[in-house]
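Some notes on the structure that comes next.
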Amino acid sequence: MKRIFSGVQPTQNVHLGNYLGAIRNWVRLQDDYDCIFCIVDLHAITVWQEPASLKAQTREVAAAYLAAGIDPKRCIIFNQSQVPAHAELAWIFNCVARLGWLNRMTQFKEKAGKHRENASVGLYAYPNLMAADILAYKGTHVPVGEDQKQHLELARDIAQKFNNDFGVNYFPLPEPLILGPATRVMSLRDGAKKMSKSDESDYSRINLTDDADLIRLKIRKAKTDPHPLPGPEILTDAAAQDARPEAMNLLGIYAALADRPPEAVLEEFAGSEFSRFKDVLADLMVATVGKIGREMRRLQQDPAEIDGVLRRGIEAARAISDPIMREVHDIVGFLRP
Ligand code: AQP
């Protein structure tokens, strides 16, 4: 059986990058895999989260999953903190993983930045928790973006070392699931930075809950360059692409939302002015993302519906992870009197 685990952190507003880079791909996987989609609130608190906002942010991510088309009858949707296996297995993995392995993780270096001494221990040990997320369900496949590949490698190393240390063949080595060319959505204000929940400028991102007027305004204000749109030849010229990151970003977003190959989009718009292209992009975004946002707003007005989905997901997740944790206790040698 192939089992997928993946998640989004309820850190702030869910945005177009989370949708195109993750959630939309998951919708396409639910027919072929046994899918577990988590709202990873334990990961979220590795950086400060206002307790008063965290619950609403958690429901917002759940609403995004549902509105985007993840079917709670076929997939397990729940929030991480409510299934004890995650924190418990992460602790065991803290004792399996080596300091040297974590020291090599580039995402910690990027996120902690210059304030390394002041970063939480949780942020440092984040990859061990991610390994626990996957292995608490014996997950076999993880849809990963470029930024998570190193963490998945570490999860494989942890599974392998656990199996070696205890002389068992217990945990599978989870495989990355590469889903065609990755859509990495960049900031609308700076094509060199990824679109991110934590960017101070709300104009850098399209939140899934933005209404039609705000989507149009943000696209109109998105940074571009003074040249007309390039033709398909730019796709084989890395230097030309590097020189026009904002143009390439808007083209990539359009191609992803239209579900068309970038070549076809470039052929259609080669030589057009950005003002015209932005109108077409905004129309497409209102039709696609705007629809998801409307459904999210409807769901968010009825927290009982979201909470019901999460409660059923928590039960289903525990039904899988509780027996696995009992076996792990036996393997590690914990007494269960
Ligand atoms: N800009 C992006 N383009 C493509 N994919 C993206 N993802 C995030 N940003 C982009 C993918 O979304 C999934 C969930 O991400 P996350 O919530 O775990 O956190 P993150 O990657 O740290 O996302 P943010 O928005 O940048 O959050 P903050 O600002 O809180 O750090 C992942 O699969 C990720 O690849």
Side-chain angles (χ1 to χ4, degrees), residues 6-19 21-23 37-68 77-84 86-88 90-91 107-130 132-133 147-148 151 185 187-189 193-211 214-215 218 289 292-293 295-311 313-314 317:
S6 202
V8 171
Q9 300 185 66
T11 34
Q12 274 169 53
N13 302 310
V14 194
H15 56 73
L16 183 69
N18 299 133
Y19 175 62
I23 301 170
F37 297 126
C38 191
I39 299 135
V40 286
D41 47 8
L42 295 174
H43 284 286
I45 63 161
T46 55
V47 295
W48 173 251
Q49 302 298 323
E50 284 300 334
S53 315
L54 186 56
K55 286 181 185 151
Q57 290 164 195
T58 302
R59 288 193 183 109
E60 180 173 333
V61 177
Y65 288 0
L66 297 171
I77 300 175
F78 72 105
N79 57 319
Q80 189 186 25
S81 58
Q82 300 309 300
V83 176
H86 294 261
E88 205 182 309
W91 179 258
Q107 199 181 79
F108 174 74
K109 289 179 196 155
E110 281 161 21
K111 290 209 169 180
K114 291 189 197 101
H115 311 289
R116 190 186 155 93
E117 294 299 312
N118 219 10
S120 72
V121 174
L123 189 67
Y124 183 73
Y126 182 114
N128 294 348
L129 177 58
M130 180 172 148
D133 295 337
D147 50 346
Q148 290 296 332
H151 288 168
V185 182
S187 157
L188 299 180
R189 310 300 290 167
K193 266 169 55 181
K194 81 164 188 162
M195 188 177 282
S196 168
K197 302 193 205 83
S198 52
D199 195 312
E200 274 166 23
S201 166
D202 198 50
Y203 283 90
S204 70
R205 68 183 156 257
I206 302 287
N207 302 309
L208 294 187
T209 48
D210 287 347
D211 64 20
L214 194 52
I215 291 175
K218 285 180 176 178
V289 177
I292 294 172
E295 176 62 2
M296 281 176 72
R297 287 192 291 278
R298 185 195 70 77
L299 284 162
Q300 282 171 297
Q301 276 163 13
D302 182 11
E305 188 177 339
I306 297 177
D307 291 0
V309 167
L310 293 176
R311 265 197 304 277
I314 291 163

Check: Looking at L208 and A64, what are the two nearest heavy atoms and their distance?
Finding: CD1-CB, 4.0 Å

Next item on the list: Of all the heavy-atom pairs spanning A63 and I306, show the shortest one and how long it is.
Entry: CB-CD1, 4.0 Å

Notebook entry, point to check: Side chains of Q107 and Q148: does their closest heavy-atom pair fall under 4.5 Å?
Noted result: yes

Check: So how far is it from S187 OG to R205 CZ, rounded to the nearest 0.5 Å?
Finding: 9.0 Å

Check: Should Q57 and Q9 be marked as a side chain to side chain contact (heavy atoms under 4.5 Å, CB included) after you check the CA-CA gap, both sets of side-chain angles, and the distance that decides it?
Finding: CA-CA 9 Å; Q57 290 164 195; Q9 300 185 66; over 6 Å; no

Notebook entry, point to check: What heavy-atom pair brings I292 and A67 nearest, and what distance separates the two atoms?
Noted result: O-CB, 3.5 Å

Note to self: Keeping S120 on the side-chain end and T46 on the backbone end, is there a donor-acceptor pair under 3.5 Å?
What the structure shows: yes

Note to self: Run the ring-ring contact (aromatic ring centres under 6.0 Å, His included) test against Y19 and tell me which residues pass, sequence neighbours left out.
What the structure shows: none

Margin query: Do I77 and L310 have side chains that approach each other closer than 4.5 Å (heavy atoms only, starting at C-beta)?
Written below: yes

Next item on the list: Search all heavy atoms of I314 against all heavy atoms of V83 and return the closest pair with its distance.
Entry: O-CG2, 4.1 Å

Item checked: Closest non-hydrogen atom pair, Q49 against P10 -> OE1-O, 4.2 Å

Notebook entry, point to check: Do the side chain of D211 and the main chain of L214 share a donor and acceptor less than 3.5 angstrom apart?
Noted result: yes

Notebook entry, point to check: Partners of Y126 by ring-ring contact (aromatic ring centres under 6.0 Å, His included), sequence neighbours excluded?
Noted result: H43, H151

Note to self: Please determine whether side chain to side chain contact (heavy atoms under 4.5 Å, CB included) holds for the pair I45 and L54, giving the CA-CA distance in whole Å, both sets of side-chain angles, and the decisive distance to 0.1 Å.
What the structure shows: CA-CA 9 Å; I45 63 161; L54 186 56; 3.9 Å; yes

Notebook entry, point to check: Any Lys/Arg nitrogen of D210 or K218 sitting under 4.0 Å from an Asp/Glu carboxylate oxygen of the other?
Noted result: yes

Item checked: Close side-chain approach of N79 and L42, heavy atoms under 4.5 Å -> no

Checklist line | Flag, side chain of Y65 to backbone of V8, donor-acceptor distance under 3.5 Å | finding: yes

Next item on the list: Output every pair passing salt bridge (Lys or Arg N to Asp or Glu O under 4.0 Å) with a member in residues 108-118, not counting sequence neighbours, ordered by first then second residue.
Entry: none

Margin query: With heavy-atom distances below 4.5 Å as the criterion, would you say the side chains of I23 and V14 are in contact?
Written below: yes

Notebook entry, point to check: Who pairs with E295 by salt bridge (Lys or Arg N to Asp or Glu O under 4.0 Å), at least two apart in sequence or on another chain?
Noted result: R298

Item checked: By salt bridge (Lys or Arg N to Asp or Glu O under 4.0 Å) - contacts of K197 (at least two apart) -> none

Next item on the list: Would you list the pairs meeting salt bridge (Lys or Arg N to Asp or Glu O under 4.0 Å) in which at least one residue belongs to residues 41-62, sequence neighbours left out?
Entry: R59-D307

Check: Are Y203 and L188 close enough, and set up right, to give a side chain to side chain contact (heavy atoms under 4.5 Å, CB included), and what steps lead you there?
Finding: CA-CA 7 Å; Y203 283 90; L188 299 180; over 6 Å; no

Next item on the list: Start with the C-alpha gap between D202 and N13, add the side-chain angles, then the distance that decides, and say whether side chain to side chain contact (heavy atoms under 4.5 Å, CB included) holds.
Entry: CA-CA 10 Å; D202 198 50; N13 302 310; 4.2 Å; yes

Check: Between H15 and G17, what is the shortest heavy-atom contact and its length?
Finding: ND1-N, 2.9 Å

Check: Taking side chain as C-beta onward, heavy atoms only, is T209 less than 4.5 Å from Q300?
Finding: yes

